[in-house]
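See below for the structure under consideration.
For clarity, every value in this text was computed on a predicted model and none was experimentally measured. Every chain is numbered from 1 and lettered A, B, ... according to where its sequence line falls, protein lines coming before strand lines.
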Amino acid sequence: MPELAEVAYACRQWRDGIGHKVKEVTAHPTSRVYRDLDRSQLQKKITGLTLSASDTHGKQMLFSFSNNNWLGIHLGMTGNLFSEPPHYKAQKHDALLVRQTNRTLAFRDPRQFGRIRLGEGNDPPHWWSDLPISMLREEFNSDILSGALKRHSRRPLKALLLDQRYFPGMGNWMADEVLWRSKIHPAQLGSQISKIKQVTLFEQIIFVVKGAMNSVGQHGGDPPEDWLFHSRWKNGQICPQTKSLLIREQIGGRTTCWCPALQKKS
DNA sequence: ATACCTGTTTCCCG
DNA sequence: CCGGGAAACAGGTA
């Protein structure tokens with residue numbers, strides 16, 4: 001599920017809980033999402049407080065509570081948020097249940113690659129405030145891209161795009177989408193990208209990020225019909241643009257899908 | 001049964 | 001010290 005737009009949608013699932021008090025907190029006894037945290041401390045801190053706001057930044061989520069308390073959630077590979085009925089019974093992979101009078105806010109994560117963090121203080125904790133500039137902001141400019149290309153001149157573009165220090169929220173399918181639209185081979189090295197291609201690449205990052213937020217981020221469904229997204233998940237699919245056979249291979253340690261007719265190495 | 005997977009961290013190498 | 005890559009984490013699904 002979770003790349004930036006899916007995270008934004010997940011965050012909205014807890015929106016109805018804002019302005020309401022926490023009656024009880026249930027933490028899964030063994031889930032790895034608590035690897036930074038003491039479960040009883042989480043319960044002690046959050047119980048009785050009021051959820052006051054929520055926000056996302058890339059793949060990170062921040063929930064604000066009364067009394068200067070903060071809860072961070074990262075969905076990992078298989079995490080998701082749900083709003084369930086007040087007396088909902090915990091399922092096997094429910095890592096966290098936050099009970100309120102009219103609903104139960106649930107964080108479910110079968111593979112447990114997600115992560116829960118806590119913070120206390122007037123200002124948001126450092127794990128939130130230290131995040132790199134959001135790709136949705138005006139301050140996210142092409143200098144960030146050119147700086148990353150320069151510093152990592154021997155990295156395949158696919159691997160670079162997944163680097164959260166530069167492109168917070170970029171995930172596997174979004175990176176494939178960006179490279180496909182930019183007509184860049186995913187294994188192309190940072191140093192091999194012309195100035196012209198850099199401009200295209202930057203524009204397509206913005207296009208895909210905004211396009212994903214306006215579709216997936218709003219309704220939780222799929223991105224627009226003509227996106228590579230719909231053809232990238234299994235072998236033997238056809239490029240929506242060129243109608244030639246798409247390739248799927250590991251690049252930068254991740255399954256990568258691209259169109260050999262469109263995305264040539266140079 | 002076996003391989004695969006929307007993410008990140010840690011370890012190892014040059 | 002830095003950059004790059006592989007392995008590890010864990011369980012569901014095809």
Side-chain angles (χ1 to χ4, degrees), chain A residues 1-11 13 28-37 56-61 72-81 90-95 107-117 127-128 130-132 135 147-180 186-192 205 208-209 211-213 215-217 219-223 227-237 246-258:
Chain A
M1 265 268 150
E3 304 185 16
L4 129 160
E6 289 142 342
V7 171
Y9 183 72
C11 189
Q13 304 314 300
H28 191 285
T30 57
S31 177
R32 210 173 153 263
V33 306
Y34 292 102
R35 57 194 173 284
D36 300 329
L37 206 59
T56 70
H57 184 125
K59 298 173 193 172
Q60 311 281 344
M61 289 184 283
I73 296 182
H74 189 293
L75 297 174
M77 196 88 109
T78 53
N80 211 344
L81 301 190
Q91 295 180 26
K92 188 177 176 190
H93 297 297
D94 284 333
F107 167 32
R108 195 170 303 150
D109 183 10
R111 266 174 98 181
Q112 306 165 44
F113 291 174
R115 179 189 288 254
I116 298 180
R117 292 179 164 102
W127 45 257
W128 176 263
D130 290 351
L131 289 169
M135 294 193 286
L149 290 167
K150 196 168 182 181
R151 169 155 240 167
H152 305 281
S153 60
R154 304 293 304 160
R155 280 185 96 178
L157 253 282
K158 173 61 184 281
L160 185 60
L161 283 176
L162 292 175
D163 194 325
Q164 302 296 298
R165 292 172 296 180
Y166 306 104
F167 313 107
M170 185 71 69
N172 205 23
W173 72 254
M174 291 180 79
D176 282 359
E177 197 76 50
V178 167
L179 291 168
W180 179 69
Q188 195 90 17
L189 300 185
S191 58
Q192 300 170 326
I205 290 170
V208 169
V209 166
M213 286 300 277
S215 52
V216 179
H219 52 65
D222 289 346
W227 283 31
L228 176 69
F229 178 91
H230 303 280
S231 310
R232 68 171 299 282
W233 301 101
K234 55 182 200 275
N235 292 330
Q237 304 285 100
L246 293 164
I247 299 182
R248 293 176 81 239
E249 269 175 26
Q250 292 267 123
I251 295 181
R254 310 298 301 284
T255 298
T256 300
C257 178
W258 78 95

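The two residues Cys257(A) and Asp176(A) make their nearest non-hydrogen contact at N-OD2, 2.9 Å. For the pair Gly211(A) and Trp227(A), the tightest heavy-atom approach, listed with the atom from each and the gap, is C-CH2, 3.8 Å.
Of the candidates dG3(C), dT6(B), dC9(C), the closest approach to any side-chain atom of Glu3(A) belongs to dT6(B). Looking at the side chain of Gln164(A), the nearest of the listed nucleotides dG7(B), dC5(B), dT8(B) is dT8(B). Nearest nucleotide to the His93(A) side chain, out of dG11(C), dC9(C), dG7(B): dG11(C). With distances taken from any side-chain atom of Arg115(A) to the nucleotides dG5(C), dT9(B), dC2(C), the minimum falls on dT9(B). Side-chain atoms of Arg32(A) lie closest to dC9(C) of the nucleotides dT6(B), dG4(C), dC9(C). Considering only the side chain of Arg117(A), dT9(B) comes nearest among dT9(B), dG5(C), dT6(B). Considering only side-chain atoms of Arg151(A), the nucleotide from dT6(B), dG4(C), dG3(C) that sits closest is dG3(C).
Looking only at side-chain heavy atoms (C-beta outward), Met170(A) and Val178(A) come within less than 4.5 Å of each other. Within the 4.5 Å cutoff, no side-chain heavy atoms of Leu157(A) are placed close to those of Leu189(A).
Residue Leu161(A) contributes atom CG, which lies 15 Å from atom C1' of dT6(B) at whole-angstrom precision. Taking atom CZ on Phe113(A) and atom C1' on dT6(B), their separation rounds to 12 Å, with Å as the unit. Atom CZ of Arg35(A) is separated from atom C1' of dA8(C) by 12 Å (rounded to the nearest Å). As a whole-Å value, the separation of Met174(A) CE from dC5(B) P is 19 Å. For Ile251(A) and dC5(B), the CD1 to P distance is 13 Å, given to the nearest whole Å. In this structure, the CZ atom of Arg154(A) is 13 Å from the C1' atom of dG5(C), given to the nearest Å. Protein atom CG of Leu157(A) is 12 Å distant from nucleotide atom P of dG4(C), rounded to whole Å. The CG-P distance, from Asp163(A) to dT8(B), rounds to 10 Å in whole Å.
Residues Pro110(A) and Gly253(A) both approach DNA chain C. Their nearest nucleotides, taken by heavy-atom distance, put Gly253(A) toward the 5′ side.
We find the CG-CD distance between Leu228(A) and Glu177(A) to be 5.0 Å, quoted to the nearest 0.5 Å.
Trp180(A) pairs by the ring-ring contact (aromatic ring centres under 6.0 Å, His included) definition with nothing, not counting sequence neighbours.
Stacking of the aromatic ring of Trp173(A) onto the base of dT6(B) is not found under the criterion of centres within 5.5 Å and planes under 30°.
On the C1' atoms, dT6(B) is 23 Å away from dG4(C), given to the nearest whole Å. One C1' atom belongs to dC9(C), the other to dA1(B), and the distance between them is 22 Å to the nearest Å.
Taking 4.0 angstrom as the limit, Arg254(A) places a side-chain polar atom (N or O) nearer than this to OP1 or OP2 of dT6(B). An OP1 or OP2 oxygen of dG11(C) is reached within less than 4.0 angstrom by a side-chain nitrogen or oxygen of Gln112(A). Here Lys59(A) reaches the OP1 or OP2 of dT8(B): one of its side-chain N or O atoms lies under 4.0 Å away. In this model, the phosphate group of dG7(B) is not approached by any side-chain N or O of His74(A) to a distance below 4.0 Å at OP1 or OP2.
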* **Worked check of salt bridge (Lys or Arg N to Asp or Glu O under 4.0 Å) between Asp109(A) and Arg32(A)** => CA-CA 10 Å; Asp109(A) 183 10; Arg32(A) 210 173 153 263; over 6 Å; no

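If you check every strand for non-hydrogen atoms under 4.0 Å, Lys92(A) touches sugar and phosphate atoms only. Looking at heavy-atom distances under 4.0 Å, Arg248(A) makes contact with sugar-phosphate atoms alone, never a base.
Taking the six-membered ring where the residue is Trp, the centroids of His152(A) and Tyr166(A) are separated by under 6.0 Å.
Helical stems of DNA chain C (runs of at least 3 Watson-Crick or G-U pairs, donor-acceptor distances under 3.5 Å) are listed by first residue: B:2-5 with C:11-14, B:7-14 with C:2-9.
For Arg154(A), the CZ atom is loosely surrounded, since the number of other residues' heavy atoms within 6.0 Å does not exceed 12.
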